There are 4 protein chains.
Amino acid sequence: MTDRGMGMWIHVDPRSPVPMYQQIVESVKANVAKGILNPGDKLQSVRELSVELAINHNTVAKAYRELERENVIEVIRGRGTFITLQPTAPNAEQRREEMRETIRKLLIEAHHLRMSHEELWQMFHQVMEEWRLSRETEAPESTEEGEKL
Amino acid sequence: MTDRGMGMWIHVDPRSPVPMYQQIVESVKANVAKGILNPGDKLQSVRELSVELAINHNTVAKAYRELERENVIEVIRGRGTFITLQPTAPNAEQRREEMRETIRKLLIEAHHLRMSHEELWQMFHQVMEEWRLSRETEAPESTEEGEKL
Amino acid sequence: MTDRGMGMWIHVDPRSPVPMYQQIVESVKANVAKGILNPGDKLQSVRELSVELAINHNTVAKAYRELERENVIEVIRGRGTFITLQPTAPNAEQRREEMRETIRKLLIEAHHLRMSHEELWQMFHQVMEEWRLSRETEAPESTEEGEKL
Amino acid sequence: MTDRGMGMWIHVDPRSPVPMYQQIVESVKANVAKGILNPGDKLQSVRELSVELAINHNTVAKAYRELERENVIEVIRGRGTFITLQPTAPNAEQRREEMRETIRKLLIEAHHLRMSHEELWQMFHQVMEEWRLSRETEAPESTEEGEKL
DNA sequence: GTGGTCTAGACCACT
DNA sequence: GTGGTCTAGACCACG
């Protein structure tokens, strides 16, 4: 977005209880979902990203391996790592059930925060709108920078 | 719902990666949200519950401590533990923000599962309906069993 | 089978081109298939096995994680690692296709070793018989030693 | 099978975890086993094949070296590379033992996929039949195209 | 006690 | 240059 083309979009908080490798996984997936990272885009190498984030390369490698398992990225030997061209999500049904479970937890949390279903509904709506807007703003029409698959 | 009045509604899975104390916390909160547990209802003592679930009492104690911190239950010394009569949720604004963050993660996951926003919307709707129904079914009009505050 | 009940059945060759963590994975799966390790049996802890094999604990941990992903073992927090009671193999269809591919490679290799299909057939038969025999010999009727789930 | 006589039968996937040079080796051996390539047939030169596959020529050279080591092909200086006329497989006994080991691994995998020995047996049978059929279909009675040794 | 995460630094195979 | 594996040793959360 700013100086390096692809490289500015991941932040990791070492003090967070969520493991750093997982923060990386989530960051990459978020960037894909937002259209900041598109199929065929090249990611930084494990070592590059580890330097950028000032963390160990093993931690980045672990994140990349997990992303590969989820079919979000693919590794081309000796060339680097790229966003998968034809993504397919493994375990789709199981993951949908996990999403439902997450929604149930939101309902529980809403109850404890004394939010009505109406308010929760509005929150859904609002976040989805924000998301839609940010997608339109941040996603480049066509990336002219950065190597491609 | 069966033999003990209150006590049958918690299941804990030691195989789950989510810590057992947190499973208990979530179970209790779910029961409150569903109306199975109501303000003033008495909970089992730490020892009772630990026997019931066949787990270490420290684990149950940790869960109760967390629930107390969240103002879901209150301990009356010498009498026992009860669902808070006038619940107030601490850190409300922060927790609402966490809910928004959770919704954002759902949007990301939906993208990777190639779900449209329509479909996600339907999933929200469906889960909320199920929830409403189960509330009406499971929640006793008035609990006749079990000690009250 | 000799001194420690469960603990003698894994060997790992650090000079092999196949990664040590994968050798462990294969060893465990072989032991399960042979009936040496049965559902509910406890495995050595990550640290114990790493000492036994004189390798780093991270390597063992990686193997155990992979085995857990394949539903061969399950971790019970704070208690240890056990052979899954109700195993289910994920990605079954894909793995069957990989098996077919392996068989095709055997056909190719047989051709280059100038083996007739008849001879290959005999090799299959022979190995399966050996296997059946070793299962009957090595599998304990009931394990009296070692902790159980 | 189409335009170049010999040259269209190798596909290499840079995404695969198996090294590209080894994919080439396996491709060539598969073509020989299927009768698509026959003793005396000429292979493309290293440069030609590297252009065709759009990969580095060192990778192709490495594959050819491995094939030569296995006595599948032979290089005639100044004339080119040919399928060996009188193939002899080095390390035959060791390779047969590796085949047995592969079969053992299939037995283990079958167990974990909850396949009976019957089913595995059927899989063997089925793949061998498919193979036989494809041999009869694809193998030219006599190759009329392409240079010969 | 259990497994999970992380670091620092090494070596290797592949392209 | 790429990612993959391994070691040695540390810290943490959980039960």
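In what follows, chains are A, B, ... by sequence order, proteins preceding strands, each numbered from 1. Just so you know, these numbers come straight off a predicted model, no measurement behind them.
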Given side chains that start at C-beta, do those of Pro39(C) and Leu85(C) come closer than 4.5 Å, heavy atoms only? yes
Take atom CZ of Phe82(C) and atom P of dT2(E), then tell me their distance rounded to the nearest Å. 11 Å
Starting at atom CG of Leu49(C), determine the distance to atom C1' of dG1(E), rounded to an integer number of angstrom. 17 Å
Would you mind reading off the distance between Ile24(D) atom CD1 and dT15(E) atom C1', rounded to a whole angstrom? 12 Å
Reported CD-to-OG1 distance for the pair Glu109(D) and Thr102(C), which is rounded to 0.5 angstrom: 8.5 Å
Taking all non-hydrogen atoms of both residues into account, name the closest pair between Ala89(B) and His112(A) and its distance. CB-O, 3.4 Å
Write down the distance between CZ (Arg77(A)) and C1' (dG1(F)), rounded to a whole number of angstrom. 14 Å
Can a donor-acceptor pair under 3.5 Å be found between the side-chain atoms of Arg47(C) and the base atoms of dG9(F)? no
Under 4.0 Å, counting only non-hydrogen atoms across every strand here, what does Ile55(A) touch: a base, just sugar-phosphate, or nothing? sugar-phosphate
What residues 56-72 of chain D contributes to the DNA chain E interface at heavy-atom separation below 4.0 Å is Thr59(D), Lys62(D)
Separation of atom CD1 in Ile76(A) from atom C1' in dG1(F), rounded to whole Å: 15 Å
Within the structure, does a side-chain N or O atom of Thr81(A) lie under 4.0 Å from either OP1 or OP2 of dG3(F)? yes
Check this for me: does any side-chain nitrogen of one of Glu101(C) and Arg104(C) sit under 4.0 Å from a carboxylate oxygen of the other? yes
Please tabulate, for the side chains in residues 60-67 of chain D, all donor-acceptor contacts under 3.5 angstrom to protein atoms that are two or more places apart in sequence or on a different chain.
unit_1, atom_1, unit_2, atom_2, d
Tyr64(D), OH, Gln44(D), O, 2.8
Glu66(D), OE1, Arg69(D), NE, 3.2
Glu66(D), OE2, Arg69(D), NH2, 3.2

Would you call Leu106(B) and Leu106(A) a side-chain contact if the rule is heavy atoms closer than 4.5 Å? yes
Heavy-atom check, side chain of Ile24(D) versus side chain of Ile55(D), under 4.5 Å: yes
Those residues of residues 13-22 of chain B lying under 4.0 Å from DNA chain E by at least one heavy atom: none
Partner nucleotide, any strand, of dA13(E) [Watson-Crick/G-U, under 3.5 Å]: dT2(F)
To the nearest angstrom, how far is Gln23(D) atom CD from dA13(E) atom P? 19 Å
For Val46(C) and Arg79(A), find the nucleotide of DNA chain E closest to each by heavy atoms; which residue's nucleotide sits nearer the 5' end? Val46(C)
Side chain Gln22(B), main chain Pro19(B), donor-acceptor under 3.5 Å: no
Nearest-0.5 Å distance, CG of residue Leu37(B) to CG of residue Leu43(B): 6.0 Å
Please report the distance, rounded to the nearest Å, between CG in Leu53(D) and P in dC14(E). 18 Å
